[in-house]
**Student:** 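Just dropping this structure here.
Below, read A as the first sequence line, B as the second, and so on, with proteins coming before strands; counting in each chain starts at 1.
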Number of protein chains: 2
Amino acid sequence: MTNETTRDGAKDAATQSAVETAYHHIRHLILTGEMRSGDKLLENQLAAAIGVSRTPIREALNRLNAEGLVVLERYRRGIVADFSLDDAVEIFRLRAILEGHATSRAASRISEADLQRLQDLERLMETQFEELGWNEHLEGFDKLNAEFHAVIAAAAESPRLEKILASSLELPASIFNRYSEPVEVRTRRTHAQHREILSALKARNPEWAQAAMNAHLFSLLPTASGSLAHEDGAK
Amino acid sequence: MTNETTRDGAKDAATQSAVETAYHHIRHLILTGEMRSGDKLLENQLAAAIGVSRTPIREALNRLNAEGLVVLERYRRGIVADFSLDDAVEIFRLRAILEGHATSRAASRISEADLQRLQDLERLMETQFEELGWNEHLEGFDKLNAEFHAVIAAAAESPRLEKILASSLELPASIFNRYSEPVEVRTRRTHAQHREILSALKARNPEWAQAAMNAHLFSLLPTASGSLAHEDGAK
DNA sequence: TGAGGAATTTTTGTATACCTTTTTTCGAGA
DNA sequence: TCTCGAAAAAAGGTATACAAAAATTCCTCA
């Protein structure tokens with residue numbers, strides 16, 4: 001899965017539309033921190049880089065704007081959105097409220113197959129963490145972690161809730177790391193919390209599940225002190 | 001329904017972009033029930049009707065799709081989204097959670113000017129209700145009511161929360177009426193509830209404000225019995 | 001040398017043209 | 001007459017062309 005020349009950022013399904021290609025490509029640039037807050041998003045430049053015309057680029061930028069990752073104003077250059085500490089806190093508060101609710105619902109609805117999937121995902125995250133250090137570990141972790149949360153969101157069987165969680169409350173990893181505790185501290189606790197959430201879901205105990213998810217998310221609430229260990233390499 | 005040649009649906013600000021025009025026009029068609037669930041949204045037809053090219057129509061449809069009012073699939077005609085009873089319930093549940101949270105935050109943040117504005121809005125709704133019956137009353141009421149809730153959402157000072165409430169949890173009035181109690185019953189209670197919310201905000205009591213807003217929204221939770229009085233005129 | 005501002009360039013907004021896919025039409029064969 | 005399927009029509013997806021606005025350049029004048 002870790003091939004190097006996937007020139008369309010994300011999933012490589014048979015024939016992807018141009019706007020999907022553009023959307024995933026640009027979103028990837030932002031979420032991975034390849035483009036940072038304030039960077040200019042020029043339609044022509046992106047079109048050339050991605051190899052489609054401006055039309056799908058514009059659609060993709062509009063979607064990202066609706067999701068809050070890009071700031072667009074009429075006749076003004078689009079820029080990558082800036083996330084202050086307050087923004088990060090706001091996002092995590094809302095995630096806690098909504099994902100807590102989702103987890104509560106999931107507790108009485110989730111299938112055995114999805115429970116198994118969650119267990120597999122968590123086991124994968126933990127073994128990868130043991131084998132590689134947290135350095136190499138990171139990209140893989142983010143993907144698995146995202147799926148862990150996505151499975152729970154889907155199990156809540158509330159399509160609008162799922163959509164909001166997937167598209168309106170994202171925070172670029174680079175920003176999150178800036179405001180969060182050092183990765184290795186955070187990650188160890190995350191594993192324990194994930195296991196607790198899983199236990200609560202298996203017990204089909206909505207209140208416990210909700211509380212465990214809330215604890216998980218509130219423990220990640222960004223702080224002013226931020227990360228003390230991890231400073232991004234480039235200037 | 002009153003005037004006949006308002007060719008741009010909503011607000012008529014100085015120079016509106018073509019996509020704004022298209023967006024408000026189509027959104028208005030859906031929310032007022034002029035276009036109903038399942039109706040086809042043909043790009044050419046809308047373009048001709050609104051007087052712009054397909055490009056801004058497509059942008060508008062994409063926005064409405066993201067908001068859940070329109071269903072788009074690749075290479076498939078867009079249609080006005082269908083709202084089942086379950087959808088309506090889901091929307092009100094999520095509104096209750098999020099708008100309750102917003103009201104709680106608003107209680108400790110809202111300005112005196114906004115409190116006054118809320119009082120004025122509520123007084124307007126009530127006097128209009130006395131003067132006109134609930135028949136004529138309706139269009140005006142929806143606008144004032146929407147602003148009442150919007151003022152509170154804004155006072156929460158959580159831009160993402162405000163955006164979600166404004167754009168992801170809408171229900172066309174025609175659908176709401178189908179699943180809700182008769183209008184005159186509902187409206188009388190709404191006035192009392194609005195006054196209670198206002199009192200709680202004035203008292204700057206977050207818990208009370210949140211509970212009052214929750215009571216308001218849960219009292220509107222759509223039911224299978226639905227409206228017994230109001231059946232739409234046309235076949 | 002620096003500030004103001006007009007001309008140029010760049011960039012975004014919209015319209016149109018063209019291509020691909022879907023939908024419909026309509027005719028052949030059972 | 002019904003069904004299947006190919007041809008035609010219609011509709012959406014993308015590229016390009018042109019218009020409007022903003023950003024930049026560069027000249028003028030203090």
Side-chain angles (χ1 to χ4, degrees), chain A residues 7-27 29-30 35 37-82, chain B residues 7-27 29-30 35 37-82:
Chain A
R7 68 187 167 302
D8 55 344
K11 60 172 63 167
D12 207 326
T15 30
Q16 207 173 211
S17 72
V19 358
E20 288 273 300
T21 305
Y23 169 77
H24 287 297
H25 189 116
I26 301 170
R27 181 165 175 277
L29 290 178
I30 297 173
M35 297 199 79
S37 300
D39 284 358
K40 298 184 220 314
L41 294 154
L42 302 192
E43 297 178 0
N44 281 319
Q45 179 180 309
L46 290 167
I50 298 176
V52 299
S53 80
R54 275 180 57 216
T55 309
I57 297 287
R58 286 177 60 82
E59 273 197 32
L61 288 178
N62 279 323
R63 277 175 67 178
L64 292 162
N65 174 241
E67 295 178 6
L69 292 178
V70 163
V71 177
L72 291 180
E73 277 174 277
R74 195 164 179 223
Y75 282 117
R76 291 233 131 70
R77 267 195 255 290
I79 58 171
V80 178
D82 181 49
Chain B
R7 66 184 169 300
D8 59 343
K11 60 172 63 167
D12 206 327
T15 31
Q16 207 172 208
S17 73
V19 357
E20 288 274 299
T21 305
Y23 169 77
H24 287 297
H25 188 117
I26 301 170
R27 182 166 175 277
L29 290 178
I30 297 173
M35 297 199 79
S37 300
D39 285 358
K40 299 184 218 315
L41 293 155
L42 302 191
E43 297 180 359
N44 282 318
Q45 178 180 309
L46 290 168
I50 299 176
V52 298
S53 81
R54 275 178 60 214
T55 309
I57 297 287
R58 286 177 59 82
E59 274 198 32
L61 289 178
N62 279 322
R63 277 175 66 178
L64 292 162
N65 175 240
E67 295 179 5
L69 291 178
V70 163
V71 177
L72 291 181
E73 277 174 278
R74 194 166 180 221
Y75 285 121
R76 288 238 139 68
R77 270 194 252 291
I79 58 171
V80 177
D82 180 50

**Student:** Provide the start and end nucleotides, 5' to 3', of the part of DNA chain D that has atoms under 4.0 Å from heavy atoms of chain A.
**Tutor:**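 Both ends considered, the range comes out as D:dT14 to D:dT24.
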
**Student:** So, B:E67 and B:Y23: side-chain donor and acceptor under 3.5 Å apart, yes or no?
**Tutor:**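 Yes, side-chain donor-acceptor contact under 3.5 Å.
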
**Student:** Rounded to whole angstroms, how far apart are CG on A:N44 and C1' on C:dT9?
**Tutor:**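 So the CG-C1' distance, A:N44 to C:dT9, works out to 13 Å.
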
**Student:** In the 5'-to-3' direction, what one-character label does each nucleotide of nucleotides 14-21 of chain C receive under the scheme B = base within less than 4.0 Å of a protein heavy atom, S = sugar-phosphate only, - = no such atom?
**Tutor:** BBBB--BS

**Student:** Between B:N62 and B:R58 (side chain of the first, backbone of the second, donor and acceptor by atom type, cut-off under 3.5 Å), is there such a pair?
**Tutor:**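 Here the side-chain-to-backbone pair exists.
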
**Student:** Tell me: CZ of B:R77 to C1' of C:dT23, nearest whole Å?
**Tutor:**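 From B:R77 CZ to C:dT23 C1': 7 Å.
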
**Student:** Which whole-number value in Å describes the distance from A:R76 CZ to C:dG13 P?
**Tutor:**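 Computing the A:R76:CZ to C:dG13:P distance gives 11 Å.
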
**Student:** Given atom NZ of A:K40 and atom P of C:dT12, what is their separation to the nearest angstrom?
**Tutor:**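 After rounding, the gap between these two atoms is 11 Å.
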
**Student:** Check side chain to side chain contact (heavy atoms under 4.5 Å, CB included) between A:N65 and all other residues, then give those that pass, not counting sequence neighbours.
**Tutor:**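 Here the qualifying residues are A:L72.
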
**Student:** Suppose the criterion is side-chain hydrogen bond (donor to acceptor under 3.5 Å, both in side chains): which pairs have a residue in residues 44-57 of chain B, not counting sequence neighbours?
**Tutor:**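 Every side-chain hydrogen bond (donor to acceptor under 3.5 Å, both in side chains) pair that includes a residue of residues 44-57 of chain B, provided the two are not neighbours, is B:E43-B:R54.
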
**Student:** Applying side chain to side chain contact (heavy atoms under 4.5 Å, CB included), can you list everything that pairs with B:R77, at least two apart in sequence or on another chain?
**Tutor:**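 Expected list: B:K40, B:L42.
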
**Student:** Tell me what A:L41 touches on the nucleic acid: a base, only sugar-phosphate, or nothing, going by heavy atoms under 4.0 Å.
**Tutor:**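 Sugar-phosphate contact only - A:L41 comes under 4.0 Å of backbone atoms but never of a base.
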
**Student:** Side chains of B:V52 and B:V19: closer than 4.5 Å at any heavy-atom pair?
**Tutor:**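 Side-chain contact under 4.5 Å: no.
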
**Student:** Taking NZ, NE, NH1 and NH2 as the nitrogens, is one of them in B:E20 or B:R27 under 4.0 Å from a carboxylate oxygen of the other?
**Tutor:**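 No, no charged N to carboxylate O under 4.0 Å.
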
**Student:** Just to verify, what does B:V71 make a side chain to side chain contact (heavy atoms under 4.5 Å, CB included) with, not counting sequence neighbours?
**Tutor:**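 Checked B:V71 against side chain to side chain contact (heavy atoms under 4.5 Å, CB included); matches are B:I79, B:A81.
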
